[in-house]
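Below is one structure, written out as structure tokens, with a few remarks after it.
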Amino acid sequence: MNELRVTRLLLVEDDDDDYILARDYISEIPFLDISIERATNVEDALSALSRETFDLCLVDYRLGAMTGIDLLKSAKENGFSSPIIMLTSQSDEELDQIALDAGAADYLVKGELNAAQFARSIRYALARRDVESERVERVKAEQEVQAKDRFLAHLSHELRTPLTAILGYTEILLHTDAEHQTELEVIHRNGKHLLNLLNDVLDLSKIAANKLELLNVDVDINALLADVYTLMRMAAIDKGLQLNIHAPNLLPKSIKADPTRLRQILINLISNAVKFTDKGHVDITVSCSSDGVDNALIFMVQDSGIGISQVQIEQIFKPFVQVADVVTRSTGGSGLGLAISNELVRRMGGNIRVTSQLNQGSCFSVRIPIDADSDQTRVPLDVVAHAEAPSPLSDAPTLAGHVLVADDLRDIRTLIGHLISRLGPEVHFARDGQEALQKIASHQDAKQTELQPFDVIFMDIHMPIMDGVSAVKRIRATGIKTPVVALTAANMKGSREHFLTQGFNDVLSKPVDATLLTRTIKQYLPAKSENVARADNIDAPSHQKHALIVEDDADAAQAISALLQALGTHTHIEATPQGAIQALKSDTPWSHVFLDLHLGQDDGLTVADYIQLHRAKLKIVIMSGADLNPSTQNKYQFYATLKKPIQLSELSNLFT
């Protein structure tokens with residue numbers, strides 16, 4: 001050994017000569033700096049072991065009426081974990097084995113000892129102790145990490161479950177209770193704030209434990225930026241700010257990245273800019289650097305806010321540091337957003353830069369490397385701002401028919417779908433022109449008796465795979481005369497006339513005005529008569545969704561049920577796996593099972609196992625307060641996984 005590590009040794013020896021001999025041997029060992037304490041019997045030795053900490057214990061086998069084996073067993077039972085070496089006057093293989101079985105580190109014969117042998121035995125005993133100590137510490141550390149993970153998963157579940165009830169019922173009331181809109185918005189805003197804090201704390205814990213994993217999938221830049229811009233635009237409007245977004249050059253149509261984390265980074269930066277800007281603007285610039293050597297996507301978020309002092313700029317990416325602390329304490333926050341964003345960008349191989357002047361504003365620049373591909377399609381930035389989708393509960397249904405909405409942006413599909421479905425028609429969705437053609441063909445097929453031809457089609461112009469103009473030309477080429485309404489953000493002079501000549505019946509500009517959309521669709525759909533209403537009721541079982549909710553928290557279950565009912569879905573609630581399995585055995589035509597995995601003392605996967613064996617076509621939607629184990633997801637292939645608290649828009653997306 002290269003360092004003096006052992007300082008405390010207990011030598012249990014009742015013979016003075018043997019004690020002196022052992023002490024002298026020990027003093028000659030070069031790698032030990034030893035303080036020796038002596039005991040002459042088992043009782044005194046046990047007393048010393050209970051009083052003080054020793055790194056090593058040497059025990060004579062013969063100790064009066066008792067033996068070293070008695071001491072060895074008692075010491076181990078009392079928790080002494082350091083090495084114990086047994087000393088005896090004569091060689092005895094049987095005694096040797098008994099001592100080792102009792103936990104002795106070694107068994108030495110006094111008459112055969114010399115200084116080198118003594119030193120070697122002590123060296124090996126201490127080395128084995130060190131290895132075992134490291135193993136114990138490693139196991140202990142692993143257990144602590146596992147315990148922390150279990151605690152965070154439990155905490156996440158326990159917090160998200162009541163938030164599901166709070167946010168769910170608040171969202172329902174926001175659409176139905178006009179008298180208390182202000183109070184409900186306060187509740188909803190603060191509930192969302194609590195959810196964001198929870199997410200930040202959990203993310204920080206994952207980062208600290210090096211357990212944050214990033215996906216690497218295709219991300220549509222326009223779709224992601226439209227999502228972020230739409231979300232943050234309302235926050236800017238609430239503060240009277242202008243939120244602008246532009247791209248000076250063409251952008252890759254898609255990149256490889258983690259869409260959730262990239263969205264999180266942008267929202268953190270933009271929300272900070274909005275939070276610390278009282279008047280003026282927040283500008284978002286998206287550009288692509290591609291010089292053959294350094295290919296990167298660059299996001300710049302510039303504001304006209306309070307700014308940050310140069311002294312504090314280096315501190316703002318540290319956890320729990322709030323930008324507001326630099327200048328004012330009027331704005332709150334956990335101080336986690338920038339720290340998490342910085343770590344996410346770093347793990348993506350990029351960096352965040354910031355420049356700022358007090359009272360002049362700040363500019364945050366995010367640079368993220370992307371795969372260089374000379375054949376990659378480049379497209380202009382095309383972000384369509386739109387208001388929040390109206391409630392499916394508003395407006396009594398007055399129209400009948402079947403409508404197809406084709407748009408590659410999910411939020412716009414959902415928005416237009418809600419605007420139309422609240423008027424009564426059954427709405428179907430397509431993500432591009434090619435999928436629209438496939439759905440139109442299947443609905444036109446007379447053999448598909450359960451599907452009705454579409455009465456009107458709303459078609460976005462700019463879509464991947466097949467654009468709207470190409471799709472409408474294909475529709476007209478097959479002889480289908482169904483009315484098709486173009487949806488376009490292009491408001492240039494002559495664009496309406498151009499689209500009408502391509503085969504469209506009408507043109508609506510984005511963002512879509514709800515009143516104009518209603519007026520347009522009324523031109524193509526009949527009013528709902530009593531006969532039509534009765535026919536709809538007769539056909540309802542084949543179109544109405546039936547969802548089984550398996551959730552042991554009564555408030556959360558009722559909130560989810562109310563949200564699903566708002567979307568026109570019949571619901572049934574069970575709190576136990578046994579009750580859920582009984583419900584699944586009924587004749588109800590279930591379409592979805594919303595399954596909580598933590599049902600008190602029961603495991604929700606019991607229900608998933610039953611469905612996999614007996615109802616494999618059912619769509620299982622997991623409702624979880626914690627991250628789902630990847631092996632569990634791979635085994636069951638769940639239709640979707642929703643993190644609590646569950647919101648109306650998330651449920652709506654499952655049916656679109």
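The residues of the chain are indexed from 1 along the displayed sequence. Model, not experiment: these values are computed from the prediction.
In terms of heavy atoms, R615 sits closest to S586 at NH1-O, 4.4 Å. Contact detail for A557 and I549: the closest heavy-atom pair is O-CD1, 4.1 Å. Of all heavy-atom pairs spanning S561 and T571, the tightest one is OG-OG1, 2.7 Å. Smallest separation of non-hydrogen atoms from E37 and F54: OE1-CZ, 3.7 Å. Minimum heavy-atom separation, A104 to L72: N-CD2, 3.6 Å. Taking each heavy atom of G604 and L599 in turn, the nearest pair found is CA-CD1, 3.9 Å.
Applying the side chain to side chain contact (heavy atoms under 4.5 Å, CB included) rule to I98 yields the partners I69, E94; only residues at least two apart in sequence or on another chain are considered. Residues satisfying the side chain to side chain donor-acceptor pair (under 3.5 Å) test with K256, not counting sequence neighbours, are D218. The side chain to side chain donor-acceptor pair (under 3.5 Å) check on Q558 picks up nothing, with sequence neighbours excluded. Residues that satisfy the salt bridge (charged side-chain N to carboxylate O under 4.0 Å, His left out) test with R23, not counting sequence neighbours, are absent from this structure. Take H614 and apply the side chain to side chain contact (heavy atoms under 4.5 Å, CB included) test, not counting sequence neighbours, and it matches Y610. Here D24 pairs with nothing under the side chain to side chain donor-acceptor pair (under 3.5 Å) rule; sequence neighbours left out.
The NZ atom of K619 sits 4.0 Å away from atom OH of Y639, with the distance rounded to the nearest 0.5 Å. In this structure, the separation between CG on L56 and CG on L11 is 9.5 Å, given to the nearest 0.5 Å. Put simply, CG on D596 and CG on D602 are 11.0 Å apart, with the number rounded to the nearest 0.5 Å. Rounded to the nearest 0.5 angstrom, E574 CD and L584 CG are separated by 9.0 Å. Remark: F594 CZ to I622 CD1 distance equals 11.0 Å, nearest 0.5 Å. With rounding to the nearest 0.5 Å, the separation of CD in E13 from CD1 in I36 is 12.0 Å.
Side-chain atoms of L595 and V621, non-hydrogen and from C-beta on, never get closer than 4.5 Å to each other. Residues M623 and I646 form a side-chain contact, since some pair of their non-hydrogen atoms from C-beta on lies under 4.5 Å apart. Between C57 and I85 there is no side-chain heavy-atom pair separated by less than 4.5 Å. V59 places none of its side-chain heavy atoms less than 4.5 Å from the side chain of V42. At least one side-chain heavy atom of N272 sits under 4.5 Å from a side-chain heavy atom of K275. Counting heavy atoms from C-beta outward, I316 and I308 have side chains that approach closer than 4.5 Å. A 4.5 Å side-chain heavy-atom check between D14 and D60 finds at least one atom pair inside the cut-off. Residues L262 and F299 meet the side-chain proximity criterion, which asks for heavy atoms closer than 4.5 Å.
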request  = Test side-chain contact (heavy atoms from CB on, under 4.5 Å) on I84 and K76 and set out the steps.
outcome  = CA-CA 10 Å; I84 298 177; K76 294 297 183 182; 4.3 Å; yes
request  = Evaluate side-chain contact (heavy atoms from CB on, under 4.5 Å) for V366 paired with V345, printing each intermediate quantity in order.
outcome  = CA-CA 8 Å; V366 176; V345 171; 3.8 Å; yes
message = Assess the residue pair L58 and L87 against the criterion (side-chain contact (heavy atoms from CB on, under 4.5 Å)); give the C-alpha distance rounded to whole Å, side-chain angles, the decisive distance to 0.1 Å, and a yes or no.
response = CA-CA 7 Å; L58 274 68; L87 303 175; 4.3 Å; yes
request  = Could you check D609 against Y636 for side chain to side chain donor-acceptor pair (under 3.5 Å), going step by step and ending with a plain yes or no?
outcome  = CA-CA 8 Å; D609 288 330; Y636 292 95; 2.5 Å; yes
inquiry  = Between D16 and R38, is the side-chain contact (heavy atoms from CB on, under 4.5 Å) condition met? List the steps.
reply    = CA-CA 10 Å; D16 291 339; R38 182 185 180 188; 2.9 Å; yes
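Of the residues N268, D258, V219, V228, the one that meets the side chain to side chain contact (heavy atoms under 4.5 Å, CB included) test with R263 is V228.
In this structure, R353 is not positioned above the aromatic face of F364 in the sense of NZ or CZ being under 6.0 Å from the six-membered ring centre and within 45° of the axis.
In summary, the side chains of T67 and D70 do present a donor paired with an acceptor at a separation below 3.5 Å, with no hydrogens or angles considered. Of the N and O atoms on the side chains of T569 and Q565, not one donor lies less than 3.5 Å from an acceptor on the other residue.
Remark: side-chain polar atoms of Q310 are paired, donor with acceptor, to backbone N or O of S356 under 3.5 angstrom. Side-chain atoms of S271 come within 3.5 Å of backbone N or O of I267 as a donor-acceptor pair. Side-chain N or O atoms of N78 include one that pairs as donor or acceptor with a backbone N or O of S74 at under 3.5 Å.
Using cut-offs of 30° and 60° on the angle between ring planes, the pair W590 and H572 is tilted.
A 6.0 Å sphere centred on NZ of K73 holds no more than 12 heavy atoms belonging to other residues, nucleotides or ligands. Within 6.0 Å of CZ on R62 lie no more than 12 heavy atoms contributed by other residues, nucleotides or ligands.
Under 4.0 Å is where a charged nitrogen must lie from a carboxylate oxygen, and between K644 and E551 at least one such pair does. Ion pairing between R347 and E343 holds under the 4.0 Å rule for side-chain N and carboxylate O.
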